Chemist: 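Here's a structure for you.
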Number of protein chains: 2
Amino acid sequence: MSRKALPKGGRTKQKRLSPDDRRKEFVAKATEFFSEEGFGGATRDLARRLGVTQPLLYRYFPSKDDLIKEVYRTVYLEPFDTAWDRLLADRSRPLRSRLKEFYSAYTKVIFTRKWLRIYFYSGLKGLDINRWYVGMVGDTILTRIVRECWHEAGRPARGKPTAAELEMAWVFHSGIFYYGVRKYIYESPVLEDKEQMISDAVDAFLAGFQQVFAAAATQRTPEKLPV
Amino acid sequence: MSRKALPKGGRTKQKRLSPDDRRKEFVAKATEFFSEEGFGGATRDLARRLGVTQPLLYRYFPSKDDLIKEVYRTVYLEPFDTAWDRLLADRSRPLRSRLKEFYSAYTKVIFTRKWLRIYFYSGLKGLDINRWYVGMVGDTILTRIVRECWHEAGRPARGKPTAAELEMAWVFHSGIFYYGVRKYIYESPVLEDKEQMISDAVDAFLAGFQQVFAAAATQRTPEKLPV
DNA sequence: GCCCTTGTTTATCGCTTGATCACTAGTTAT
DNA sequence: ATAACTAGTGATCAAGCGATAAACAAGGGC
């Protein structure tokens, strides 16, 4: 695919973008479109939104499904930031502070109507990419968080978190995640101050995690805590 | 292909139900159907699943949308149990125990593939019924939980929970809720023992809530806790 | 100027959809 | 039996869908 060099002159007219950029433009608009209409949205409507005719889409994408696949790619892969794991693992700072900063950044990326809706549409479609995403969150972010909790509690780093520990991190993570769902999908009133929500959730999680796992020390029998 | 009438003798077949029952049967199967296919599912496919022809649906429901509305009704209204609020408010038992029992019962109802999928399909469609449901959870269940937390902490019952308190209950509630989403929508591996997940989540919530609100006593400035 | 390549539209095909109507089969009442 | 009523079907319509092919428009290099 030879990308043609852009014309030298200051072309302010947006006509005739490079094929690659035009394609990207299509995918970007398609993401917006499908996030509103669902993947059942008609290609004709999408084309109208793009200001072109419907058959043109088929010059850039072999089929509607291929277009949708590219939409997934840009939604799921693009925003993912590898710096996040470094942030969470940076033991020169207190874990509480790391967690707050991480969730502040993470939610800045995924708390958009577009992202969340695409996420659920693909989830309901039963796509592998969704399971992949969930697995990835568990294996990287949450595993890291549990590990840092161990370290904070002065316990030696074992291999992998137990299922119960990971589940607790999931409950915490999901609680924050669902704030975005309530706000951007249900458009239901939420605490306006997102940062405070995160701050409170992190504080509660750290206290709760310690209560449930650290306090009960090395071994823990279910229902051991005071009823 | 006309189906020949079966011989009358030994008719165990359930043909000719009462019109009302037949209608209910249709709605029940339609709920299953739409929960899998989404509301874009074709009426012909639904009819095939019912073992009847497609035009027959229109004898029972004026339009597809009307059928869908009835599906909502049975999904959202039927399972709701008013005894839940009494359970949460029963101060003869420790709050910890009440919460665990409530979430055990609540999740027993909504943690099904059918319920959760219909819930999200309607949520993405932007239906009022979904906002109503979210509002109802906040106004009854979560408000009640916060109030009981006050009482448990020995604080006088004020009027309505603050937005921050309610938000914290939401994060807790959503964390549990999302366990079901991960399990039944994403079909991703979760902690097998649901009761332990609930137990841990409740323990963590109670510890966390106290930490964030009770410990900080009457007034609380954001970011006051040790960073 | 010309041609060749690429971007875009017009027209259309084949199929599926929700919905309607005229008709048949099955049950009940007389 | 037979009339009357209702449950259910077959055929079909108009609209909308994804996709294709052929015609048309617009550069860019020579």
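Computed from a predicted structure; not experimentally measured. Below, chain A is the first sequence line, B the second, and so on; all start at residue 1.
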Chemist: Between atom CG in B/D45 and atom C1' in C/dC15, what is the gap in whole Å?
Modeler: 14 Å
Chemist: Could you tell me the separation between the CG atom of A/L57 and the C1' atom of C/dT9, rounded to a whole number of Å?
Modeler: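 Nearest whole value for this atom pair: 13 Å.
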Chemist: Report the distance from atom CD of A/Q54 to atom P of D/dA19, rounded to the nearest whole Å.
Modeler: 9 Å
Chemist: Rounded to whole Å, please give me the gap between NZ in B/K64 and P in C/dA19.
Modeler: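 Rounded to whole Å, this separation is 8 Å.
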Chemist: Looking only at side-chain atoms of B/S63, point me to the closest of C/dT20, C/dA19, C/dT9.
Modeler: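 Per side-chain heavy atoms of B/S63, the pick is C/dA19.
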Chemist: For A/W115 and A/Y119, take the angle between the two ring planes, folded into 0 to 90°, and tell me which bin it lands in: parallel under 30, tilted 30 to 60, perpendicular over 60.
Modeler: parallel
Chemist: In whole angstrom, give the distance that lies between atom CG of B/L50 and atom P of D/dG8.
Modeler: 11 Å
Chemist: Would you say the rings of B/Y178 and A/F177 are close, in the sense that their centroids are separated by under 6.0 Å?
Modeler: yes
Chemist: Rounded to whole Å, how long is the line connecting atom CG of A/L56 with atom C1' of D/dA19?
Modeler: 14 Å
Chemist: Round to the nearest Å and state the distance from A/Y60 atom OH to C/dT9 atom C1'.
Modeler: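 Taking OH of A/Y60 and C1' of C/dT9, I get 13 Å after rounding.
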Chemist: Measure the acute angle between the ring planes of B/F34 and B/F39, then classify it against the limits of 30° and 60° as parallel, tilted or perpendicular.
Modeler: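 B/F34 and B/F39: tilted rings.
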Chemist: Of all the choices, C/dT20, D/dA7, D/dG18, which nucleotide is nearest to the side chain of B/P55 once you look at every atom?
Modeler: C/dT20
Chemist: For D/dG18, does OP1 or OP2 lie under 4.0 Å from any side-chain N or O of A/T43?
Modeler: yes
Chemist: With a distance cut-off below 6.0 Å to the six-membered ring centre and an angular limit of 45° from the axis, does A/K183 pair with A/F111 as a cation-pi contact?
Modeler: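 Not satisfied by the 6.0 Å and 45° rule.
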Chemist: For A/T53 and for B/D65, find the nucleotide of DNA chain C with the closest heavy atom, then tell me which residue's nucleotide is more 5'.
Modeler: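 It is A/T53, whose closest nucleotide lies nearer the 5' terminus.
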Chemist: Does a side-chain N or O of A/Y58 approach OP1 or OP2 of D/dA21 to a distance below 4.0 Å, or not?
Modeler: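 No, outside the criterion.
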Chemist: Starting at CD of B/E25 and ending at C1' of D/dA7, how long is that distance when rounded to a whole Å?
Modeler: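 One finds 13 Å between C1' of D/dA7 and CD of B/E25, rounded.
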Chemist: Report yes if a donor N or O on one partner sits less than 3.5 Å from an acceptor N or O on the other, where the partners are the side chain of A/R44 and the base of D/dG16; otherwise report no.
Modeler: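 Absent.
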Chemist: Is any side-chain nitrogen or oxygen of A/R22 closer than 4.0 Å to OP1 or OP2 of C/dT8?
Modeler: yes
Chemist: How is B/G41 classified with respect to the nucleic acid when contacts are heavy atoms under 4.0 Å: base, sugar-phosphate, or nothing?
Modeler: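 Result for B/G41 = sugar-phosphate.
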Chemist: Answer with yes or no whether the side chains of A/S199 and A/K100 bring together a donor and an acceptor at under 3.5 Å.
Modeler: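 Side-chain D/A pair, A/K100 to A/S199: present.
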